[in-house]
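What follows is a short report on a single structure.
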Amino acid sequence: MSHDHDHNHDHDHNHDHDHNHDHEHVGFAQQRAAILSDLQKVFEQELAFREWGRLLIELAKDKSGALRVADVVVEEIVDEALVERLFEQPAAGQVMSGLPVVIEALVGLAGDADLEKLGGGTFVRFEAEDGDKLEFLPGLVRAPSVGFDSVRERVLTQARENDLVTRFDLAGAVVQTDMELGALRFVRGETPIAEGRQIVLGSFAKPARAWVWAAFNPSLNETAKARASALLDAMPDRSAWEITTPGLVTDQPTAWALAWWVALENKLLGVVRVDTDDGFVVLGVESIEPR
């Protein structure tokens with residue numbers, strides 16, 4: 001164990017489909033909550049649940065193809081001696097041996113995640129009004145750096161205040177862009193309503209729950225990567241590992257917040273999202289001129 005920190009007649013059919021989908025989503029949420037509730041009780045009994053903040057479980061297949069725990073990382077430890085002692089007990093080993101099946105189920109309930117690409121899962125303890133609760137994140141998600149954690153709420157507040165769709169009346173517009181040259185257009189229907197300039201900040205892939213900074217993305221041309229790299233180099237706080245790491249496993253809100261952080265620190269207008277087949281690309285907007 002390591003410690004680190006359109007057809008109209010289709011309407012009713014579609015409505016029924018959406019209704020069923022909503023029920024399905026609720027069912028998944030209930031299953032997920034039940035699994036985590038049961039697991040929390042086990043963690044409280046055997047793994048000193050209130051003495052750590054984050055448990056990263058790396059999985060790998062053995063020779064028979066079965067998933068096994070390959071590594072365990074405990075972060076945000078409160079009582080290191082107690083955690084060390086309990087995690088070395090046979091009971092902890094039994095808990096660990098059952099986690100691959102649990103993680104496989106939780107990742108399956110996430111819907112669009114790919115366990116082979118994720119490589120495992122992360123259990124997080126968070127403080128709720130009625131006591132500590134266990135949460136699960138697909139993938140090996142490290143604890144946020146002090147630098148990012150300290151500014152996250154401010155960044156999200158500023159992101160809401162500087163929302164470009166609201167400021168420039170871009171609702172319903174499609175984003176068109178030249179990744180290399182940075183040209184940007186907003187088109188509503190067949191009509192261009194605004195033009196501008198952008199710098200690619202990064203991309204998020206849902207199957208792997210991975211955020212990759214554009215500066216390190218091999219599929220981008222050198223011009224776009226250089227422009228993106230200059231933004232990261234200009235960040236005043238270089239202590240945050242999220243900024244110096246080429247890519248990281250995280251959730252969508254965190255990826256969005258990181259992109260906004262870089263945009264705000266570089267005095268950009270804001271960011272826009274362009275959806276892709278398996279995720280999205282985030283563009284930092286330098287300028288917007290209504291047509």
Side-chain angles (χ1 to χ4, degrees), residues 2-5 52-60 70-77 103 106-107 110 112-126 135-156 159 199-220 224-225 227-266 271 273-284:
S2 56
H3 297 159
D4 287 313
H5 302 304
W52 48 264
R54 191 170 293 239
L55 189 63
L56 287 73
I57 308 295
E58 182 182 350
L59 301 179
D71 193 24
V72 178
V73 177
V74 188
E75 295 185 338
E76 301 170 330
I77 297 172
I103 291 172
L106 288 168
V107 168
D112 55 5
D114 184 328
L115 185 53
E116 282 200 30
K117 292 181 179 179
L118 291 166
T122 301
F123 296 98
V124 181
R125 176 177 59 85
F126 72 98
E135 189 49 82
F136 175 78
L137 301 171
L140 304 172
V141 186
R142 292 174 58 188
S145 64
V146 173
F148 175 56
D149 205 34
S150 65
V151 300
R152 180 172 179 148
E153 288 307 314
R154 172 179 65 78
V155 166
L156 290 174
I199 301 174
V200 187
L201 293 177
S203 56
F204 184 84
K206 291 179 182 178
R209 291 297 193 272
W211 169 258
V212 176
W213 292 109
F216 302 97
N217 190 333
S219 66
L220 273 181
K225 286 201 285 190
R227 283 156 54 82
S229 182
L231 295 182
L232 295 180
D233 290 343
M235 290 294 287
D237 182 1
R238 298 288 294 174
S239 68
W241 65 263
E242 294 93 341
I243 298 299
T244 57
T245 304
L248 55 138
V249 177
T250 188
D251 53 24
Q252 294 184 52
T254 300
W256 187 246
L258 284 167
W260 262 103
W261 187 24
V262 172
L264 290 167
E265 292 290 354
N266 281 275
V271 307
R273 164 178 167 159
V274 180
D275 289 330
T276 62
D277 289 341
D278 67 348
F280 55 88
V281 175
V282 180
L283 310 175

The test is side chain to side chain contact (heavy atoms under 4.5 Å, CB included); show your working for Lys206 and Asp114 and say whether it passes. CA-CA 8 Å; Lys206 291 179 182 178; Asp114 184 328; over 6 Å; no
Between Pro138 and Leu118 the two heavy atoms that sit nearest each other are CB-CD1, 3.7 Å
Let's go through Ser203 and Thr276 carefully: what are the C-alpha distance in whole Å and the side-chain angles of both, what is the deciding distance for side chain to side chain contact (heavy atoms under 4.5 Å, CB included) to 0.1 Å, and is it a yes or a no? CA-CA 9 Å; Ser203 56; Thr276 62; over 6 Å; no
Taking all atoms of both residues into account, what is the closest heavy-atom pair of Ala240 and Trp261, and its distance? CB-CH2, 3.8 Å
Where is the tightest heavy-atom contact between Ala215 and Lys225, given as atom of each residue plus distance? O-CD, 3.6 Å
Parallel, tilted or perpendicular: which one describes the rings of Phe123 and Phe136, with boundaries at 30° and 60°? tilted
Heavy-atom count check: over 12 atoms from other residues, nucleotides or ligands less than 6.0 Å from Glu135 CD? yes
So, for Arg152 and Pro253, which heavy atoms are closest and what is the spacing to 0.1 Å? NH2-C, 4.1 Å
Between Gly121 and Ile103, what is the shortest heavy-atom contact and its length? N-CG2, 4.1 Å
Is Thr245 reaching over with its side chain to a backbone N or O of Glu242, donor-acceptor style, under 3.5 angstrom? no
Do Thr122 and Arg142 have side-chain atoms, one donor and one acceptor, less than 3.5 Å apart? no
For Ala228 and Val200, work out which heavy atoms get closest and say how close. CB-O, 3.3 Å
Kindly compute the distance separating CG (Leu140) from CG (Asp71), expressed to the nearest 0.5 Å. 9.0 Å
Backbone N or O of Trp256 within a donor-acceptor pair of the Arg273 side chain at under 3.5 Å? no
Does the side chain of Val141 come within less than 4.5 Å of Asp251's, by heavy atoms? no
Would you find a donor on one side and an acceptor on the other, under 3.5 Å apart, between the side chain of Trp213 and the backbone of Thr244? no
Could you give the distance from CZ (Phe204) to OG1 (Thr250), rounded to the nearest 0.5 Å? 7.0 Å
Would you give the length of the straight line joining atom CD1 of Ile243 to atom CG of Asp237, rounded to the nearest 0.5 angstrom? 8.0 Å
